[in-house]
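Data first, discussion second: the structure below is written as structure tokens.
Keep in mind that what you see is a predicted model, and the values were worked out from it rather than measured. Sequential numbering from 1 along the given sequence is applied to the chain's residues.
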Amino acid sequence: MDQKRLLAAIALSIGILLLFDVYNRGNRPPVPPPQTTQQAAQAPTPGPTAPDPSGQAMTTAPGDAPAAAPRGPAPRLPVAGPRVEGSINLRGAQLDQLVLRDYRETIEPNSPLVQLFAPRETAEGYYAQWGWTAADGRTRVPDGNTEWQANAPRLSPDSPVTLTWDNGQGQVFEIGLTLDANYMVGVEQRVRNSGGEQVSVLPWARIRRERTPHLAGYYVLHEGFIGVLDGRLQEMTYANVKSEGEKRRGAGFEQDARGGSWAGFTDKYWLAALIPAERDTVMRTSFRHVAEGGQDRWQADMAPNAPQVVAAGATAQLATRLFAGAKVVSILDDYATRLGITDFDKAVDFGWFYFLTKPFFYAIHWINGLVHNFGVAILIFTLAIKLLFFPLQNKAYHSMAKMKILGPKMQEIRERHKEDPQKAQTEMMALYRSEKVNPASGCLPIVIQIPVFFSLYKVIFVTIEMRHAPFVAWIRDLSAPDPTNLFNLFGALPFDPMQYSHFLHMPALALLMGATMWAQQRLNPQPPDPIQAKIFAWMPVIFTFMLASFPAGLVVYWTWNNLLSIAQQSYIMRHDRAKLKAERRNGALAKKG
């Protein structure tokens with residue numbers, strides 16, 4: 001096997017994948033500037049939707065009253081936890097204001113806190129709601145105009161709240177709410193029937209988005225509808241749900257699943273998901289698209305697969321949970337174990353190399369706990385990976401060193417048999433056997449690095465623990481590209497080249513990576529084929545431009561890995577040259593003797 005042809009194929013394969021990612025970044029939709037509070041307040045107010053027993057999307061919530069004149073500001077119930085703060089709109093029982101106290105929009109210390117939920121009348125309307133549908137067609141149920149009464153002044157971990165509404169027909173509806181120390185809201189919907197006859201109602205819970213959110217637009221990142229239903233991961237984009245809903249003339253996706261399942265919306269770092277609280281409860285989960293007023297609106301909802309029949313004097317209840325917060329891996333794992341939520345960690349898009357990515361994350365996170373710097377943790381982790389594969393890579397570098405030493409002999413064979421390539425190949429294979437050289441072993445370092453590279457890419461790119469994690473000097477966010485730029489002399493010139501083209505981004509880290517890649521190539525045996533030689537000569541330049549827009553943490557890994565490889569390979573080549581000289585000297589002395 002021709003070593004250089006295989007190396008070229010692998011290198012070009014990586015290049016194609018990286019080029020695709022760069023292309024994908026360049027074609028993602030532009031993110032408009034955030035709206036001011038005044039602008040958001042002027043956005044049109046959409047009407048809500050909710051599931052019904054037939055599984056068809058409704059254009060208004062069940063039992064909605066006809067449009068009425070505004071009754072003034074809706075009463076609100078404050079929500080206050082260690083990690084979240086916000087309020088519940090008591091008109092309609094909507095959790096529609098929720099801010100994450102641990103996270104800010106940018107790395108600046110005075111940047112606004114991340115807002116997850118927002119009222120439906122704002123430009124970024126996003127909320128959770130609980131209600132009922134009158135399955136018997138006659139029971140009066142709460143709707144979007146219902147004003148609930150709260151039995152406590154606020155919802156907090158030490159202050160549960162019960163919302164109550166009496167329909168005046170003998171039924172009292174209650175929503176019991178609890179909040180834990182992280183991001184989980186416990187919900188119990190109850191119907192107490194003190195009337196003279198049974199009623200049939202369908203309790204439901206939903207998460208609603210009144211606008212299509214601004215998407216990061218990366219091929220390697222899923223954003224949109226997500227869930228694990230009966231042990232199977234379901235991921236659907238907004239476009240998928242819309243097209244499937246149009247084909248089905250209803251919900252874009254529906255499935256009955258038992259407790260332990262969960263479903264909702266995922267963003268890069270944030271998740272809002274509904275979770276049945278009882279393991280033996282069968283719930284119907286739906287993903288929906290609703291077009292109202294020329295606007296795309298999205299909904300993930302859960303409801304029992306059959307209405308609840310509440311006899312006179314009886315009470316019916318349904319317990320669910322709502323996760324609304326940051327996708328912190330340790331928190332997701334704790335909920336999965338403690339509450340029996342199946343594969344809850346899959347809310348984090350660890351990707352195809354899950355079996356590597358998650359252990360890598362745990363390792364880097366553990367090291368960070370010791371050194372308190374994720375950049376240093378990446379350096380230590382890379383060194384540990386190097387040590388783990390040290391014997392294998394040593395063998396590869398020994399082979400590459402011998403290949404470089406044998407370069408003149410190989411060239412001489414090619415020159416001698418220019419007219420007979422088959423004869424040249426036969427003599428070269430004989431040379432490999434006599435010198436105990438495996439030409440393919442030089443590919444091992446690259447083959448090993450491919451899954452490590454993509455797994456680390458995922459860890460750095462999708463885990464919130466890496467978000468806004470500083471390293472040293474100007475690297476203040478390992479999850480974002482290096483902000484420096486050669487084209488404005490690293491800030492010396494007062495303009496931003498990126499405003500003209502995203503290709504005009506050449507940071508200092510990428511240049512350092514390219515230099516180390518070029519230095520490593522100089523240690524390798526040069527391809528005898530002029531075309532291959534030119535390809536390899538340009539690879540450091542190509543990779544420098546490719547990795548320019550990658551997260552800084554990944555470029556730190558690649559650069560450090562190159563430096564370690566250069567040190568290891570240089571030592572082996574010096575050792576092998578000295579050994580070969582000694583063998584030749586001893587052989588010459590033996591002949592003289």
Side-chain angles (χ1 to χ4, degrees), residues 17 19-35 43-44 46-51 55-59 116-118 120 122-129 206-229 232-255 257 261-274 284-302 323-324 327 343 346-352 458 461-462 502:
L17 291 172
L19 274 174
F20 182 82
D21 188 79
V22 172
Y23 170 82
N24 204 53
R25 294 181 182 212
N27 286 273
R28 66 182 186 268
V31 179
Q35 291 185 312
T49 69
Q56 299 298 315
M58 295 186 175
T59 56
L116 182 65
F117 285 164
R120 70 184 191 187
T122 66
E124 301 297 333
Y126 188 19
Y127 57 92
Q129 187 179 26
R206 68 175 180 174
I207 302 171
R208 172 86 165 179
R209 286 195 120 141
E210 299 296 341
R211 297 289 188 279
T212 305
H214 304 310
L215 304 178
Y218 291 88
Y219 174 76
V220 295
L221 174 68
H222 173 68
E223 300 167 283
F225 292 86
I226 191 172
V228 171
L229 304 172
R232 183 175 180 180
L233 178 65
Q234 301 288 346
E235 294 178 325
M236 295 186 72
T237 65
Y238 295 100
N240 290 152
V241 170
K242 182 177 181 178
S243 62
E244 288 299 314
E246 290 171 350
K247 292 177 186 176
R248 296 157 54 103
R249 297 186 179 181
F253 170 85
E254 280 187 318
Q255 182 177 331
S261 300
W262 57 273
F265 294 96
T266 183
D267 300 308
K268 182 176 181 179
Y269 295 119
W270 327 114
L271 174 71
L274 298 168
R284 176 166 296 174
T285 297
S286 302
F287 298 157
R288 306 176 189 272
H289 164 261
V290 180
E292 294 176 5
Q295 182 68 45
D296 290 326
R297 311 183 195 280
W298 314 95
Q299 181 171 301
D301 55 63
M302 282 188 177
F323 178 95
K327 297 190 290 189
D343 292 336
K346 289 186 178 177
V348 180
D349 189 1
F350 282 124
W352 295 342
K458 278 288 191 177
F461 185 62
V462 306
H502 71 279

Do Glu292 and Arg297 sit within salt-bridge range, that is, some charged N less than 4.0 Å from a carboxylate O? yes

Does some side-chain heavy atom of Phe461 sit less than 4.5 Å from a side-chain heavy atom of Leu221? yes

Parallel under 30°, tilted from 30 to 60°, perpendicular over 60°: which one fits the rings of Phe225 and Phe287? tilted

So, taking the atom named NZ in Lys346 and the one named CZ in Arg232, what distance separates them when rounded to the nearest 0.5 Å? 11.0 Å

I want to check something: taking the side chain as every heavy atom from C-beta on, are Glu254 and Thr285 in contact at a cut-off of under 4.5 Å? no

Check for me whether Arg208 meets the cation-pi criterion with Tyr127, that is, NZ or CZ under 6.0 Å from the six-membered ring centre and within 45 degrees of the ring axis. no

Pairwise side-chain contact, Glu210 with Glu124, heavy-atom cut-off 4.5 Å (strictly under): no

Heavy atoms only: give me the nearest Ser243-Asn240 pair and the separation to one decimal. OG-O, 3.0 Å

Are side-chain heavy atoms of Lys327 and Lys268 found at a separation under 4.5 Å? no

Derivation of the side-chain contact (heavy atoms from CB on, under 4.5 Å) call for Leu271 and Ile226: CA-CA 9 Å; Leu271 174 71; Ile226 191 172; 4.0 Å; yes

Gap separating the NZ atom of Lys247 from the NZ atom of Lys242, nearest 0.5 angstrom: 13.5 Å

Is the shortest side-chain heavy-atom distance between Asp301 and Arg288 below 4.5 Å? yes

Answer yes or no: is there a side-chain heavy-atom contact under 4.5 Å between Asp296 and His289? yes

For Ala263 and Leu229, the nearest pair of non-hydrogen atoms, with its separation, is CB-CD2, 4.5 Å

Would you sort out whether Phe265 and Tyr126 count as a side-chain contact (heavy atoms from CB on, under 4.5 Å), showing the intermediate values? CA-CA 10 Å; Phe265 294 96; Tyr126 188 19; 3.4 Å; yes

How long is the gap from CG on Leu274 to OG on Ser261, to the nearest 0.5 Å? 12.0 Å

With heavy-atom distances below 4.5 Å as the criterion, would you say the side chains of Gln299 and Ile207 are in contact? no

Show your reasoning for whether side-chain contact (heavy atoms from CB on, under 4.5 Å) applies to Val220 and Val462. CA-CA 10 Å; Val220 295; Val462 306; over 6 Å; no

Would Asp267 and Arg209 pass as an ion pair if we require N to O under 4.0 Å? yes

Is Lys458 reaching over with its side chain to a backbone N or O of Asp349, donor-acceptor style, under 3.5 angstrom? yes

Residue pair Gly264 / Ala300: nearest heavy atoms and the distance that separates them: CA-CB, 4.0 Å

Can you confirm whether Met302 sits close enough to Arg284 that some side-chain heavy atom of one is under 4.5 Å from a side-chain heavy atom of the other? no

Please step through ring pair (Phe, Tyr, Trp, His ring centres under 6.0 Å) for the pair Tyr238 and Trp298, ending with a clear verdict. CA-CA 8 Å; Tyr238 295 100; Trp298 314 95; 5.1 Å; yes

